[in-house]
Amino acid sequence: MTHDSKPGSQKPFLPTLDLQSFSYDDRANVLPDVLGALADCGGWVLDRRTLSASAVEFRVEVQLRSIVDLYGSIIAAGLELTRASPLALTDQCNCRKNAATVADLGQILTLRLEISFIEDLTLHSLLSAGSAPA
C-alpha cells in the first residue's frame, strides 16, 4: 500500500476469494476443462495441490476485468458452487461494474478454488458396499 497523502491515491484492497465447488463428473474430464476455462479468461494458476483422493485446490490470479468471464467459465466447466461462492463472485462482479478507472479493472484478484469430486451414489452401490449377510 502506498502512503501517498493525496486523497483517493490508495488502491482498494481486493481480498482473496475462497471458492468451494464440487462435481459429480469424472476428475479426469473436469480438471482439463477447468484449467482451460481459467486460461481462456486470462487467469493463471499459481499453485495446484491435491487435498485428498477426492479434492484438489487451485490458487489462481485473474484481473478484475475478467471476473465475469471467470464466473461463467467455472460454471461452463461443470462445477457446482457452494452457497457462499456465488456471493463472493457476485461481489467482485459488482466491483468490476463500478470500477472508477481502467487501471482499477487491471487489479489482480487471487482466488482459492477448491474442487471436491463426489461419486454419484446409487442404491445398488450402497447395498453392495454393506456388510455380507450373516
Side-chain angles (χ1 to χ4, degrees):
M1 239 203 246
T2 66
H3 295 288
D4 214 333
S5 60
K6 296 178 194 172
S9 63
Q10 294 181 340
K11 297 269 186 215
F13 173 73
L14 297 176
T16 298
L17 297 181
D18 189 25
L19 306 176
Q20 294 163 338
S21 63
F22 61 92
S23 178
Y24 291 105
D25 294 332
D26 185 51
R27 176 185 190 137
N29 295 330
V30 172
L31 290 180
D33 289 346
V34 169
L35 290 171
L38 293 172
D40 288 347
C41 65
W44 54 98
V45 177
L46 300 174
D47 187 32
R48 173 184 174 171
R49 52 185 202 133
T50 301
L51 301 176
S52 70
S54 62
V56 296
E57 174 186 272
F58 294 101
R59 286 188 36 82
V60 179
E61 285 186 344
V62 67
Q63 288 185 323
L64 179 60
R65 77 177 78 247
S66 301
I67 194 67
V68 175
D69 294 332
L70 175 81
Y71 194 171
S73 295
I74 288 171
I75 301 303
L79 296 182
E80 303 282 339
L81 296 171
T82 60
R83 175 176 270 179
S85 296
L87 297 175
L89 284 167
T90 301
D91 284 347
Q92 292 308 310
C93 290
N94 286 331
C95 285
R96 178 195 176 277
K97 182 175 127 181
N98 296 316
T101 66
V102 173
D104 289 343
L105 291 173
Q107 291 182 77
I108 304 298
L109 289 168
T110 304
L111 306 123
R112 188 188 74 80
L113 175 62
E114 182 178 322
I115 306 170
S116 297
F117 296 93
I118 302 171
E119 287 186 37
D120 193 12
L121 297 177
T122 63
L123 181 58
H124 177 71
S125 67
L126 289 173
L127 292 175
S128 66
S131 61

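The figures that follow rest on heavy atoms only: side chains count, while hydrogens, waters and symmetry mates do not.
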> Between Leu70, Ile74, Leu38, which is the residue that forms a side-chain contact (heavy atoms from CB on, under 4.5 Å) with Leu111?
Leu70
> Where is the tightest heavy-atom contact between Arg27 and Ala53, given as atom of each residue plus distance?
NH1-O, 3.0 Å
> Could you pull out all residues at least two apart from Arg59 that satisfy side-chain hydrogen bond (donor to acceptor under 3.5 Å, both in side chains)?
none
> Could you check if a side-chain atom of Tyr71 sits within less than 4.5 angstrom of a side-chain atom of Leu19, using non-hydrogen atoms only?
no
> Can you give each donor-acceptor pair under 3.5 Å made by side-chain atoms of residues 76-85, sequence neighbours left out, with the distance rounded to 0.1 Å?
unit_1	atom_1	unit_2	atom_2	d
Thr82	OG1	Gln20	O	3.2
Thr82	OG1	Ser85	OG	3.4
Ser85	OG	Gln20	N	2.8
Ser85	OG	Gln20	O	3.2

> To the nearest 0.5 Å, tell me how far Ser23 OG sits from Ile115 CD1.
8.0 Å
> Check residues 39-47 and write down every donor-acceptor pair under 3.5 Å in which the side-chain atom is one partner and the other belongs to a residue at least two apart or another chain.
unit_1	atom_1	unit_2	atom_2	d
Trp44	NE1	Glu61	OE1	3.1

> Which distance, rounded to the nearest 0.5 Å, do you find between the CD of Gln63 and the CG of Leu109?
9.5 Å
> Quick check against the 3.5 Å criterion: does Thr110 have a side-chain atom that pairs as donor or acceptor with the backbone of Leu17?
no
> Under the side-chain contact (heavy atoms from CB on, under 4.5 Å) rule, what do Asp25 and Asp33 come out as? Steps first, then yes or no, please.
CA-CA 11 Å; Asp25 294 332; Asp33 289 346; over 6 Å; no
> Using a 3.5 Å distance criterion without hydrogens, assess whether the side chain of Ser52 forms a donor-acceptor pair with backbone atoms of Ala55.
yes
